[in-house]
Amino acid sequence: MSGVEAVKKALESIILNPKYADYLAVLKAARNGAVYGAKVRFPHALVMIFLFRSGTVQEKIQLIFRATQTHARNLAKYATVYKLTMLMLKHMGSEPGKEGPFDTFFAGLLGGYLVFGRRSKKGHVSSVSKQIVVFVFARVCLSLAKLSIQPGAGIIKSHELSKRISHDAWPVFAAVTWGSVMWLFRWYPETVQSGLRSSMDYIYVQSDHWDSLRNFLIFNK
């Protein structure tokens with residue numbers, strides 16, 4: 001057996017040892033958070049920055065790299081804090097070794113504060129952190145809305161009424177959401193998230209201006 005194979009076998013014996021599973025899960029979560037963050041942010045940043053940001057190609061590439069790095073780092077840090085807190089709470093509860101009913105909430109609370117909630121030394125919160133939190137917040141609202149009309153868990157007890165609300169809620173939600181964002185963009189654009197504001201400006205404001213066939217069909221300006 002070569003030296004490389006011996007090292008590989010020794011590492012695999014550690015990795016596959018159930019005694020270390022909880023601790024290794026923390027490392028794997030950090031790895032997965034970083035990989036997922038990079039996969040999600042890179043194509044998004046590539047499109048948005050090259051379409052809507054001004055500057056040289058080098059400056060745009062730096063912005064893309066910075067946004068991707070921030071997203072990957074934040075998800076890796078959050079996953080680490082969450083997993084470590086869950087591990088700690090698991091051994092500190094009234095029944096050591098067993099997960100408590102609210103452990104996930106408190107672990108998420110701590111991770112959310114430490115990774116996404118704290119400001120920089122200059123008092124800023126990164127735009128990437130804001131986007132991630134708003135993205136998750138929107139999904140939480142949708143989940144809670146579904147839970148609120150779920151018989152046995154929410155305030156609606158009738159299965160028939162629950163089905164009817166589920167069927168009719170989405171069109172109302174979609175209409176109110178788009179009506180609200182267009183009103184905000186028209187009268188209070190500074191309150192709209194910068195990325196969304198840029199794309200809306202491109203579609204709804206810049207479409208009002210042209211002075212030739214060239215910038216009517218091919219270029220915007």
Side-chain angles (χ1 to χ4, degrees), residues 3-51 53 60-93 95-121 124-147 193-196 199:
V4 174
E5 289 178 346
V7 171
K8 182 181 176 182
K9 188 173 181 180
L11 288 174
E12 284 186 344
S13 67
I14 295 172
I15 290 171
L16 298 177
N17 191 330
K19 183 169 65 173
Y20 306 121
D22 286 344
Y23 305 98
L24 291 172
V26 176
L27 294 178
K28 186 67 185 290
R31 177 265 180 198
N32 286 3
V35 171
Y36 182 80
K39 283 183 176 181
V40 169
R41 177 56 58 172
F42 178 76
H44 176 270
L46 182 68
V47 172
M48 295 301 291
I49 288 172
F50 269 98
L51 279 180
R53 288 290 187 95
K60 290 181 178 180
I61 290 173
Q62 288 175 345
L63 287 172
I64 292 167
F65 176 75
R66 194 179 307 143
T68 303
Q69 184 186 47
T70 301
H71 199 140
R73 184 177 63 243
N74 282 355
L75 288 188
K77 286 166 64 177
Y78 177 82
T80 302
V81 172
Y82 175 80
K83 283 283 191 176
L84 283 174
T85 307
M86 286 293 292
L87 188 59
M88 181 181 68
L89 291 174
K90 181 179 177 180
H91 295 288
M92 286 178 58
E95 298 180 59
K98 185 177 179 182
E99 180 184 326
F102 300 107
D103 286 2
T104 53
F105 176 77
F106 289 117
L109 201 70
L110 181 61
Y113 173 74
L114 292 178
V115 179
F116 298 105
R118 301 179 74 178
R119 297 180 180 274
S120 68
K121 292 179 180 178
H124 300 303
V125 177
S126 77
S127 59
V128 173
S129 290
K130 288 181 180 177
Q131 289 166 13
I132 294 172
V133 172
V134 170
F135 177 89
V136 173
F137 175 75
R139 271 65 185 172
V140 169
C141 289
L142 286 173
S143 294
L144 290 176
K146 290 178 182 178
L147 187 63
Q193 189 267 339
S194 59
L196 177 59
S199 60

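Since we're looking at a predicted model, the values are computed, not measured.
- Taking every heavy atom of both residues into account, Tyr78 and Gly112 meet most closely at CE1-N, 3.4 Å.
- Here the side chains of Arg31 and Leu27 are not in contact, with every heavy-atom distance at 4.5 Å or above.
- Across Ala76 and Ala30, no two heavy atoms sit closer than the pair CB-O, 3.4 Å.
- Residues Ala38 and Pro43 share a closest heavy-atom pair of O-CD, 4.2 Å.
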* **Evaluation steps, side chain to side chain contact (heavy atoms under 4.5 Å, CB included), between Lys8 and Glu12** => CA-CA 6 Å; Lys8 182 181 176 182; Glu12 284 186 344; 3.6 Å; yes
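- Note on ring orientation: taking the six-membered ring where Trp is involved, the planes of Phe106 and Phe102 are perpendicular (angle over 60°, cut-offs 30° and 60°).
- Atom CG of Leu142 and atom CG of Leu147 lie 12.5 Å apart (nearest 0.5 Å).
- More than 12 heavy atoms of other residues, nucleotides or ligands shown are found within 6.0 angstrom of CZ on Phe50.
- Between the side chain of Asp103 and the main chain of Gly100, a donor-acceptor pair closer than 3.5 Å is present.
- Closest non-hydrogen pair, Arg41 versus Val128, comes out as NH2-CG1, 4.0 Å.
- For the pair Arg139 and Phe135, the cation-pi criterion (under 6.0 Å, within 45° of the ring axis) is fulfilled.
- For the atom pair OG1 (Thr70) and CZ (Phe65), the distance works out to 9.0 Å, reported to the nearest 0.5 Å.
- Here the side chains of Phe116 and Leu75 are in contact, with some heavy-atom distance below 4.5 Å.
- If you take NZ on Lys130 and OG on Ser126, they are separated by 8.5 Å, rounding to the nearest 0.5 Å.
- Summarising the geometry of Leu24 relative to Ile14, their closest heavy-atom pair is CD1-O, 3.8 Å, with the distance given to 0.1 Å.
- With Gln193 contributing its side chain and Leu196 its backbone, the two residues share a donor-acceptor pair below 3.5 Å.
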Any chance you could lay out the side chain to side chain contact (heavy atoms under 4.5 Å, CB included) test for Glu99 and Met86, step after step, and finish with the verdict? CA-CA 8 Å; Glu99 180 184 326; Met86 286 293 292; 3.6 Å; yes
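- The OG1 atom of Thr68 sits 11.5 Å away from atom CZ of Arg73, with the distance rounded to the nearest 0.5 Å.
- Remark: Asp22 does not engage Lys83 in a salt bridge, criterion side-chain N to carboxylate O under 4.0 Å.
- Ser129 contributes no side-chain N or O that, together with a main-chain N or O of Val125, makes up a donor-acceptor pair within less than 3.5 Å.
- Taking both residues in full, the closest heavy atoms of Ala34 and Ala72 are given as O-CB, 3.3 Å, listed atom of the first, atom of the second, then distance.
- Here the straight-line distance linking atom CG of Leu114 with atom CG of Asn74 works out to 12.0 Å at 0.5 Å rounding.
- Within a 6.0 Å radius of NZ in Lys60, other residues, nucleotides and ligands contribute more than 12 heavy atoms.
- Residues that satisfy the salt bridge (charged side-chain N to carboxylate O under 4.0 Å, His left out) test with Lys77, not counting sequence neighbours, are absent from this structure.
- Distance CD1/Ile49 to NE2/His44: 9.0 Å, rounded to 0.5 Å.
- Ile15 is not listed as a side-chain neighbour of Tyr20, based on a closest heavy-atom distance of 4.5 Å or more.
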